[in-house]
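Source: prediction; values computed, not measured.
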Amino acid sequence: MVYDEPGRAASAEAPATALDNVFDDPTHGEPGRDRLGVHVAWELVLLIALAALAYLLWRENPDAVRGSGLRRLLVDAVALGLLVVAAGLSLRTAAVNLAIGPVALAAALHFAEQGDRGVSTAVVPALVAAALGGLALAWAVVVLHVPGWAASLAAAAGMIVWIERRTLPVAVQADYDPRRNAYYLFAGFAAVTVLLGAFGAIRAVRRLVGRFRPVADPARRRGMAAALVTAAALIASTVLATLAGVLIAANGTGPVTPTSGLDWTVLAVGVSMLGGASAYGRRGGISGALLAVGLVVTYLAWAAETGAPTDRWAVGGVALAGGLLVTRLVETYGRPRTARGEPVELTPVRDGAISSGWSMPPAGEARNWTPALPERTTDVDTPPDPWEAPRWQSGPPRWDAGER
């Protein structure tokens, strides 16, 4: 055992400095890299569930997974998938966009009304308006630094006011049929989704995307990089929700009914979290979003054949509840492992007269086992210590009975 020496503090900081390059957040992060094994394991579970449900759908109605039925199913998957990716982008940046459902429904109503003027004439103004609306939402979130869910909920309320101006369902006027390009649409969506997931698994990218995630006081600003990335995610999520609304209207079998659209928000956020996106931000899977979308769309098709519940509120609520459990799983088993190697020595905690200030030397290091005693100071008010008196004399002892 050795007593703490002045040079020990500098050497104790060396391992912490060496770990800076593996922190997900060098200022406040945990040492080590996030573990992706939990995402791989969960995505394997989703794949097995998807295969089982697809088999049940095939047994119930083989035509639902081939020909025109399969093309309709694929377009439904792309429409929901765009909403899920929009929710996932905002979730990964820790600023969830709750306005994506009303935005998608507003875009569907707009396309249903203006589709007879041409697809580009109807879609381009909607995309421009979505980008501007996303920019306004991003300004509120990153400049005022308010929670994303609160700002996007206010934006959702504004979209619902616009939607409620229509009291009757709107028939789709366009002759655009996305089922003609269903295979290309789904292949492109699947490729982009998996590539985004793999790109987000890179440590530097994940660290940048998740910079807006609070690590101390959530009201503290997280820097310019976090603000720019979060703003881009909110704008992109609003634009993707608009594209999803166009596909929802074009692939529908009837008129577009004016509702709040929040059921689409619950479904999209729930499916995104079910795919492995953490509700706290930053952490997410690779192909989990694609598999979760396929699972939910296949279930809805199977439920339509068997008479099981297909209400989006019910399905979204179940997906959201399952997503909360997945978030806990991801945050528990996806955080970095404890850093290995020589432990960093902390300053010993003093507790008055009880603490002795002793510490163990680092492993493998030989030191002098003689304790270094503190230097004695002379104080006139300090009574003499009886143990300091010499107990052995070179001469015979003196017995002075009269002295006190």
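- At a threshold of 4.5 Å between non-hydrogen side-chain atoms, the residues His39 and Ile286 do not count as touching.
- Remark: side-chain polar atoms of Thr238 are not paired, donor with acceptor, to backbone N or O of Ala130 under 3.5 angstrom.
- Considering all non-hydrogen atoms of both residues, Ala106 and Ile163 come closest at N-CD1, 4.0 Å.
- Between the CG atom of Leu247 and the CG atom of Asp76 there is a distance of 9.5 Å, given to the nearest 0.5 Å.
- The backbone N or O of Glu113 sits nowhere less than 3.5 Å from a side-chain atom of Arg117 that would complete a donor-acceptor pair.
- Once rounded to the nearest 0.5 Å, the distance linking CG of Leu262 with CG of Leu98 reads 8.5 Å.
- Here the closest non-hydrogen pair linking Leu274 and Gly322 is CD1-C, 4.1 Å.
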Please walk me through it: do Val330 and Trp42 pass side-chain contact (heavy atoms from CB on, under 4.5 Å)?
CA-CA 9 Å; Val330 166; Trp42 177 245; over 6 Å; no
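- Side chain of Gln114 to backbone of Ala122: no donor-acceptor contact under 3.5 angstrom is found.
- Using a distance-only test at 3.5 Å, with no hydrogens or angles considered, a donor-acceptor pair links the side chain of Arg92 to the main chain of Arg282.
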Query - Criterion side-chain contact (heavy atoms from CB on, under 4.5 Å) on Phe111 and Val170, from CA distance to verdict - result: CA-CA 10 Å; Phe111 181 77; Val170 180; over 6 Å; no
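- In this structure the side chain of Phe212 reaches within 4.5 angstrom of the side chain of His145, judged on heavy atoms.
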Item to complete: Applying side-chain contact (heavy atoms from CB on, under 4.5 Å), run through Arg211 and Val229 and close with a yes or a no.
Response: CA-CA 8 Å; Arg211 289 288 296 181; Val229 171; over 6 Å; no
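- Of the possible donor and acceptor atoms, one in the side chain of Arg221 sits under 3.5 Å from a partner among the backbone N and O of Val143.
- The backbone N or O of Thr230 sits nowhere less than 3.5 Å from a side-chain atom of Thr93 that would complete a donor-acceptor pair.
- For the residue pair Thr332/Arg328, the side-chain donor-acceptor check at 3.5 Å is satisfied.
- Of all heavy-atom pairs spanning Val297 and Leu80, the tightest one is CG2-CD2, 3.8 Å.
- For the pair Met273 and Val326, the minimum side-chain heavy-atom distance is 4.5 Å or more.
- With Ile235 as reference, Leu135 is the one residue of Leu89, Leu132, Leu135, Leu137 to meet the side chain to side chain contact (heavy atoms under 4.5 Å, CB included) rule.
- In this structure, the separation between CG on Leu105 and CD1 on Ile100 is 13.0 Å, given to the nearest 0.5 Å.
- Around atom OH of Tyr183, more than 12 heavy atoms belonging to other residues, nucleotides or ligands sit under 6.0 Å away.
- The side-chain heavy atoms of Val315 and Pro309, taken from C-beta on, include no pair separated by under 4.5 Å.
- With salt bridges taken as basic N to acidic carboxylate O contacts below 4.0 Å, one links Glu331 and Arg213.
- With Ser272 contributing its side chain and Ala268 its backbone, the two residues share no donor-acceptor pair below 3.5 Å.
- Closest heavy-atom contact between Thr310 and Ala303: CG2-CB, 3.3 Å.
- With rounding to the nearest 0.5 Å, the separation of CZ in Arg66 from CG in Asn61 is 8.5 Å.
- By the 4.5 Å heavy-atom criterion applied to side chains, Leu144 and Trp139 are counted as neighbours.
- In this structure, Val194 and Ser287 approach most closely via the heavy-atom pair CG2-CB, 4.2 Å.
- Residues Ala86 and Ala241 approach most closely at CB-N, 4.4 Å, considering heavy atoms.
- For the atom pair CG of Leu208 and CD1 of Ile202, the computed distance is 11.5 Å after rounding to the nearest 0.5 Å.
- For Ser152 (side chain) and Trp149 (main-chain N/O), a donor-acceptor pair under 3.5 Å exists by modelled atom type.
- Atom OG1 of residue Thr259 and atom CD1 of residue Ile160 lie 8.5 Å apart, to the nearest 0.5 angstrom.
- Side-chain contact between Arg166 and Leu109 is present, with heavy atoms from C-beta onward closer than 4.5 Å.
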Show your working on side-chain contact (heavy atoms from CB on, under 4.5 Å) between Asn251 and Arg72 and close with a plain yes or no. CA-CA 7 Å; Asn251 196 44; Arg72 180 180 297 276; 3.9 Å; yes
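- The one candidate from Asn97, Thr327, Val96 that meets the side chain to side chain contact (heavy atoms under 4.5 Å, CB included) condition with Leu91 is Val96.
- Between Trp264 and Val103, every side-chain heavy-atom pair lies at or beyond the 4.5 Å cut-off.
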